[in-house]
Amino acid sequence: MLEGCTPWPEEFASRYRQRGYWRGQTVPQAIFEVIARHGSKTAIVYGGRRISYFELGQRVGAMARGLMRHGIKPRERVVLQLPNSPEFLVAFLALQQAGAIPVLALPAHRQAEIGHFIRHAGAVAYIGADIDRGFDFRAMADEILRRETSLAHVFINGAPNPGQVALDALMAADDETPLPEIGAGDIALMLLSGGTTALPKLIPRTHDDYVYNFRQSGAVSGFDDATVYLAILPLAHNFALGSPGILATLAYGGTIVMSAETRADDVFPLIERERISVVCGAVPLAIAWLNSDVPARHDLSSVRLFINGGARLAPELRQRLEEMFSCTYQESFGTAEGLLNQTRLDDPAPIRFESSGRPISEADEIRIVDDEDRDVPDGTPGELICRGPYTIRGYYNAPEINAAAFTEDGFYRTGDMVKRNNGSLYVEGRKKDLINRGGEKISSEEVENLIYTNPKVKGVCVVAMPDAMFGEKACAFLIPRDGETMTFEELVAHLAKCNIAKFKLPERLEIVDTFPTSPAGKILRKDLRKIIADKIAAERAGGGQAGLS
Ligand code: J2J
């Protein structure tokens, strides 16, 4: 295994193999097995393009060889940042076929984050778009190339800058270079952590564990070769990629319909035209669609399943989604670190509408514990900790963080407060300092550190505030230095200069003199969350404006 990664102890690994959870297959092997069976079937629909399984396989093989010709070697890390498109999938599988490890960045990430991923992963290459949504990724890559010493190659989907290589050009030559032998125990990809620390952590997933992850998640969602999956959430997210995501769709011989657009006006005609059967969404999308009159104008009879993940969706909205689509609702409470909980398709309505599901595998070991790691009884909230055949044993190259994030016997501390009733889990809150903006995670510490670089700031605390659409948004409580003050616009302008993803920006500023603290002097973030929640509720009741955006 790659240095810097924590393997499963042999006793666990051999059990997982023996019981068939680990099939000894790489991710591309799992997909090529299907390509061999379903050659002429449509694998991907994107805009006017229809790509067959056979063509997908050819493109992946050609790009893998092109990457090798450019000197990309097994176990080297490559940051992949592409909007939803067939090229994302081709590049992802091609990197794996060449033995390289894709590090999956979101299209929303900017120079600060991409630079960090490249440094932290020691990445040798970056694959990005030319221009997307008005942002020039080529210029960003040039800038990063000047600063990051490990980075040797920039591959661009579209028209590259001088010195960069077009992704298409990688596939130009027709060569028969043999592909390297990759072990199923090797690292297949690195996902980004949901952000509790100052800088995002990297989550190394092996081929064995990830193949099990998407096959098992797909089985629980009833995937088969009739599945037509709508891929609109960013594919770099574990949920959209492999839980069950596009990889399970391919593994079961289905068809992926991709779109980078999420508005009802774009999505619903697509559902009707392509006879989509599985729609994956997140809280803000579900709310926007339920409030739109577009769905009623379309034939949605092909939809059999709606899966929500990333953040909890309220029971009444789950029921309305079932009614709108005449489908089954599935709640997915997952983690990029591994553990996936999904409601079952045949769960009775109260479980489908209220619970957060239960682990997808009988091999998932979960415990719900108090602050002293003692098990709490069913019905009592505690922290969910877990281990199993697809839950990592450590973040990449992060021994100190690992010591806190995992128990000595290898359980991952999710930071989620849950209770268990009759085997189903119910998310009640969280211990970790993050803001869950409709499924997109914001690390308080990361944003606070950037705000502290402004000399006007004496103290800052970024906490979650309630939001009708996103569930939560970031609110900054700020103490200015003596004689200074700061406006919301100044705060945003300061953070914009830090070149970070826009979704991380606080959407409200509260200027205060002090922070509430415990007798030991610890800032009571819980109290700050309550202060802003109460204030917003009072503003709503008074008809005032809630939030600044
Ligand atoms: C409450 N909290 C949830 C839910 C995630 C499937 C689905 C989601 C993710 C994901 C994923 C939640 N209700 N339904 O990777 O494969 C919060 C929890 C959790 C954290 C993980 C998948 N679904 N959460 O969201 O790594 O706090 O993975 O610990 O981005 O999101 O975030 P992430």
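Note that ligands are numbered from 1 as they come in the structure, with each ligand's atoms numbered from 1 the same way.
Judged by the 6.0 Å distance and 45° axis criteria, Arg437 is not positioned over the aromatic ring of Phe503.
For Arg23, the side chain to side chain donor-acceptor pair (under 3.5 Å) test picks out Gln25, with sequence neighbours left out.
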Quick one: table the atom pairs, ligand 1 N or O against protein N or O, below 3.5 Å, distance rounded to 0.1 Å.
| from | atom 1 | to | atom 2 | distance (Å) |
| --- | --- | --- | --- | --- |
| ligand 1 | 13 (N) | Arg312 | N | 3.1 |
| ligand 1 | 14 (N) | Glu331 | OE2 | 3.0 |
| ligand 1 | 14 (N) | Ser332 | O | 2.9 |
| ligand 1 | 15 (O) | Asn238 | ND2 | 3.2 |
| ligand 1 | 15 (O) | Ala336 | N | 3.4 |
| ligand 1 | 16 (O) | Asn238 | ND2 | 3.1 |
| ligand 1 | 16 (O) | Ser243 | OG | 3.1 |
| ligand 1 | 23 (N) | Gly310 | N | 3.1 |
| ligand 1 | 24 (N) | Gly310 | O | 3.3 |
| ligand 1 | 25 (O) | Lys441 | NZ | 3.0 |
| ligand 1 | 26 (O) | Ala336 | N | 2.9 |
| ligand 1 | 27 (O) | Asp416 | OD1 | 2.5 |
| ligand 1 | 27 (O) | Asp416 | OD2 | 3.4 |
| ligand 1 | 27 (O) | Lys432 | NZ | 3.4 |
| ligand 1 | 29 (O) | Asp416 | OD2 | 2.5 |
| ligand 1 | 29 (O) | Lys432 | NZ | 2.8 |
| ligand 1 | 30 (O) | Lys441 | NZ | 3.1 |
| ligand 1 | 31 (O) | Lys441 | NZ | 3.2 |
| ligand 1 | 32 (O) | Lys441 | NZ | 3.0 |

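Using a cutoff of 4.0 Å between basic side-chain nitrogens and carboxylate oxygens, Arg75 and Asp186 are scored as salt-bridged. Taking the charged nitrogens against the carboxylate oxygens, Arg367 and Asp373 have no contact shorter than 4.0 Å, which rules out a salt bridge.
Considering all non-hydrogen atoms of both residues, Tyr21 and Glu362 come closest at OH-OE2, 2.5 Å.
Counted within 6.0 Å of CD on Glu316, heavy atoms from surrounding residues, nucleotides or ligands total more than 12; the atom is thus considered enclosed.
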